[in-house]
Amino acid sequence: KEIEVLHFEEAQYSSDNHYIPFLSRYEEVSTTDLKISFIPQKVETISKDSIIDIAGFEQIPHDVAFDYNFSYMQKKPLLIHRLTPIRYNAEKQCYERIVSYRIDIVDETDYTKSSTVQATTSINSVLSVGEWHKFQVSEDGFYKITYSDLESMGINVGNLNPKTIKIYSNGGKMLPENNSEFRYDDLHEMPITVVGEEDGVFNTSDYILFYGDSPDEWKWNEDKDMYLFLRNLYSRHTCYFLTYGGNNGRRFEYQKTPTGEEVASVSTFVDYQAIEPSLYHLTKSGRQWFGDRFDTQTRYDYTFSFPDIVTTQDISIAYAVAARATASSLFTITSNDYEKTHSFRAVGSSLSSSYAFESSAYTTVTPINSNLTVTMRYSKPNSSAMAWMRFLYVNAHRQLKYNGGTLLFRYPTSTLNEEIAEFNITGSSKNFSLYNITDPAEPKLVKYTTSGNTSKFKDFTIDNQEYVCFDGTDTKTVTY
């Protein structure tokens, strides 16, 4: 039986791939400890009429199908990658083909040995061409840039083609101290939405929507079995750069949905809150800051609220305090069924003596309701004694329930130990968009199904995936 297929140079075909053409290449590498990134460089739109009769049309993926593996030839490692260079862009509602691309290969064992199929080091920054406008954000969430915002930036909106609007950023987190870890060597274009761009005119009711990344982050700590807060020590804002003109800008796309059977079901998530005000630097040296001071006020009550809390799961608490006194002193922390008193010895009088002594603890408490109070009391031995709270982190399990607005949620993958999970979101029958924001510079839309007041989606349980439900309300405003 004859079938009609798409064709390009080096195209290969397989019945397992529904005869959709794919490209398979290999190259010798020095190690298999590599970080592989696929980056499209030129993408072209193709008409539906030109491909509707080809084999596999109904199975054309919604994202570029790219995968890789390692093999050996004569005891030398090989990198083998496979690419299906055709996709259906659901956001633009059109079919596209990848005309050119590059593969970035980073040796994770030694950054100085990094190599690429094509050079990834930018000779000229993207900022060297075009007109650029800088703005910043300070919180995680969706940000809205309106017509008046663009005018305030000094942009002639009347001559602006909204389809060419682009936003660049590498996120706001602190750069890794390890040189072998991945980092962008130039500004990275991130996907966005431009509502109303279809007519090629930026009208007064049109707006830009993008996901903004705060400079701080939460990281899962397996030893402590909780998320710990990592405050950015160098900036309180994340910078973004807007430009326009030339090629069309990137827009949100759907991530690939796992095709296998789910082996775990998730209906809760771990929420977290932190109190870590950087108010005092005790020795005016180093990177350690402290918050509330216990001096004239010797007691502080810190209150947290976790709606839809799971009362059968313990709340995790981490804290650190410090004290300086010429006599021994006591610092007591209480919360629900937890109470602990920390004893501090007296500081010395010589120049080489410690300025203060610190104590920390990681513990769990039994939740009573959605509210939690942590009380800290310092018992001053004399009038010159004082103490400080360095940080207070709280993790609590909540029902995965969406009531509108913005809901960010994560589930620690170390507690699943499975490959694919089904997430069940309850509580709202209204429409919302679901995004995977694990990489805030590359947020992706996630497909889900809804039955009654429960929405479900499947995803791989790797890398502590982070998601956000968003219904278009609760947008934030940029500063510029």
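Index from 1, following the sequence.
- Under the 4.0 Å criterion applied to side-chain N and carboxylate O atoms, Lys444 and Glu253 are not assigned as salt-bridge partners.
- Counting heavy atoms from C-beta on, the side chains of Asn395 and Trp218 come closer than 4.5 Å.
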| task | Would you check, one step at a time, whether the test side-chain hydrogen bond (donor to acceptor under 3.5 Å, both in side chains) holds for Thr426 with Thr454? | result | CA-CA 4 Å; Thr426 63; Thr454 300; 5.7 Å; no

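- No side-chain N or O of Thr238 forms a donor-acceptor pair with one of Asp213 less than 3.5 Å apart.
- Checked against the 6.0 Å centroid threshold, Phe135 and His237 do not count as a close aromatic pair.
- Between Asn464 and Tyr227, the side chains place a donor N or O and an acceptor N or O closer than 3.5 Å (distance only, hydrogens not considered).
- By the 4.5 Å heavy-atom criterion applied to side chains, Arg398 and Pro307 are counted as neighbours.
- Closest of all the heavy-atom pairs between Leu187 and Phe241 is CD1-CD1, 3.6 Å.
- Ring planes of Tyr244 and His133: parallel class, angle under 30° (limits at 30 and 60°).
- The shortest distance between side-chain heavy atoms of Val126 and Tyr168 falls below 4.5 Å.
- Side-chain contact check for Gln273 versus Phe306: some heavy-atom pair is nearer than 4.5 Å.
- For the pair Glu358 and Ala320, the tightest heavy-atom approach, listed with the atom from each and the gap, is OE2-CB, 3.6 Å.
- Scanning both residues, Glu139 and Tyr143, for their nearest heavy atoms gives O-OH, 2.8 Å.
- A salt bridge is defined here as a Lys NZ or Arg NE, NH1 or NH2 lying under 4.0 Å from an Asp or Glu carboxylate O, and Arg87 with Glu96 meets this definition.
- For the atom pair Glu422 CD and Lys458 NZ, the distance stands at 7.5 Å (nearest 0.5 Å).
- Under a cut-off of 6.0 angstrom, the local environment of NZ in Lys48 is sparse, with at most 12 non-hydrogen atoms contributed by other residues, nucleotides or ligands.
- Side-chain atoms of Asp216 come within 3.5 Å of backbone atoms of Asn232 as a donor-acceptor pair (strictly under, hydrogens ignored).
- Ring planes of Phe66 and Tyr68: tilted class, angle from 30 to 60°.
- A salt bridge links Glu44 with Arg97: the distance from a Lys NZ or Arg NE/NH1/NH2 to an Asp or Glu carboxylate oxygen falls below 4.0 Å.
- In this structure, the side chains of Ile317 and Ser335 come closer than 4.5 Å at one or more pairs of heavy atoms.
- With Asn436 contributing its side chain and Val446 its backbone, the two residues share no donor-acceptor pair below 3.5 Å.
- Checked by atom type, the side-chain pair Asp149/Ser152 shows no donor-acceptor distance below 3.5 Å.
- For the atom pair CD (Glu466) and CG (Asp140), the distance works out to 6.5 Å, reported to the nearest 0.5 Å.
- Looking only at distances, no side-chain donor or acceptor of Thr303 sits under 3.5 Å from a matching main-chain atom of Thr373.
- For the pair Glu189 (side chain) and Arg250 (backbone), a donor-acceptor distance under 3.5 Å is present.
- Checked against ring-ring contact (aromatic ring centres under 6.0 Å, His included), Tyr207 has no partners two or more places apart in sequence or in another chain.
- Residues Tyr240 and Met190 meet the side-chain proximity criterion, which asks for heavy atoms closer than 4.5 Å.
- Residues satisfying the side chain to side chain contact (heavy atoms under 4.5 Å, CB included) test with Ala387, not counting sequence neighbours, are Phe294, Ala323, Phe331, Tyr378.
- A donor-acceptor contact under 3.5 angstrom links the side chains of Tyr393 and Glu276, judged on distance only.
- The two residues Leu434 and Cys469 have their closest heavy-atom pair at CD1-SG, 3.9 Å.
- Evaluation of the side chain to side chain contact (heavy atoms under 4.5 Å, CB included) rule for Asp471 yields Tyr402, Lys430, Phe432, Thr473 as partners, not counting sequence neighbours.
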| request: Could you go through the side chain to side chain contact (heavy atoms under 4.5 Å, CB included) check for Leu209 and Thr475 one step at a time? | output: CA-CA 9 Å; Leu209 193 69; Thr475 55; 3.9 Å; yes

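- In this structure, Arg236 contributes its side chain and Pro215 its backbone to no donor-acceptor pair below 3.5 Å.
- Across all their heavy atoms, Val194 and Pro162 have their closest contact at CG1-CB, 3.9 Å.
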| request: Could you give me the CA-CA distance, side-chain angles and deciding distance for Gln288 and His281, then say whether side-chain hydrogen bond (donor to acceptor under 3.5 Å, both in side chains) is met? | output: CA-CA 7 Å; Gln288 194 173 86; His281 199 291; over 6 Å; no

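- Two residues are said to be in side-chain contact when any heavy atoms from C-beta on lie closer than 4.5 Å; Val394 and Leu372 meet this criterion.
- Phe142 and Phe470 have parallel rings, their planes meeting at less than 30° on a 0 to 90° scale where 60° marks the start of perpendicular.
- In this structure, Tyr435 has its ring center at least 6.0 angstrom away from the ring center of Phe210.
- There is no side-chain donor-acceptor pair under 3.5 Å between Ser305 and Ser370.
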| After noting the C-alpha distance and the side-chain angles of Asp186 and Ser125, does the key distance pass the side-chain hydrogen bond (donor to acceptor under 3.5 Å, both in side chains) rule? | CA-CA 6 Å; Asp186 196 6; Ser125 169; 3.2 Å; yes

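- Between the side chains of Gln297 and Asp292, no donor-acceptor pair is found at a separation under 3.5 Å.
- A donor-acceptor pair under 3.5 Å links the side-chain atoms of Arg251 to the main chain of Lys163, judged by distance alone.
- No donor-acceptor distance shorter than 3.5 angstrom exists from the side chain of Tyr480 to the backbone of Leu150, with no hydrogens or angles considered.
- Between the side chains of Thr375 and Asp301, at least one donor N or O sits under 3.5 Å from an acceptor N or O.
- Side-chain atoms of Ser265 and Asn424 include a donor-acceptor pair closer than 3.5 Å.
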| field | Derivation and outcome, side chain to side chain contact (heavy atoms under 4.5 Å, CB included), residues Ile155 and Leu242 | value | CA-CA 10 Å; Ile155 299 175; Leu242 183 148; 3.9 Å; yes

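- Under a 3.5 Å cut-off, the side chain of Thr364 and the backbone N or O of Ile315 do not form any donor-acceptor pair.
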| task | Evaluate the criterion side chain to side chain contact (heavy atoms under 4.5 Å, CB included) for residue pair Met376 and Tyr319; output intermediate values, then yes/no. | result | CA-CA 10 Å; Met376 295 186 175; Tyr319 63 86; 4.0 Å; yes

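- Residue Asn156 places its CG atom among more than 12 non-hydrogen atoms of other residues, nucleotides or ligands, all under 6.0 Å distant.
- With hydrogens and angles disregarded, a donor-acceptor distance shorter than 3.5 Å links the side chain of Lys173 to the backbone of Ser214.
- A tilted orientation is assigned to the rings of Phe409 and Phe423, their planes being inclined by 30° to 60°.
- In this structure, the side chain of Asp225 does not engage the main chain of Glu222 through any donor-acceptor pair within 3.5 Å.
- The nearest pair of heavy atoms linking Ser169 to Cys239 is OG-O, 3.1 Å.
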| task | Using the side-chain hydrogen bond (donor to acceptor under 3.5 Å, both in side chains) rule, take Thr406 and Asp474 through it: C-alpha gap first, then chi angles, then the decisive distance, then the call. | result | CA-CA 7 Å; Thr406 300; Asp474 189 32; 3.0 Å; yes

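- Proximity of Thr438 to Tyr467: side-chain heavy atoms (C-beta onward) are nowhere separated by under 4.5 Å.
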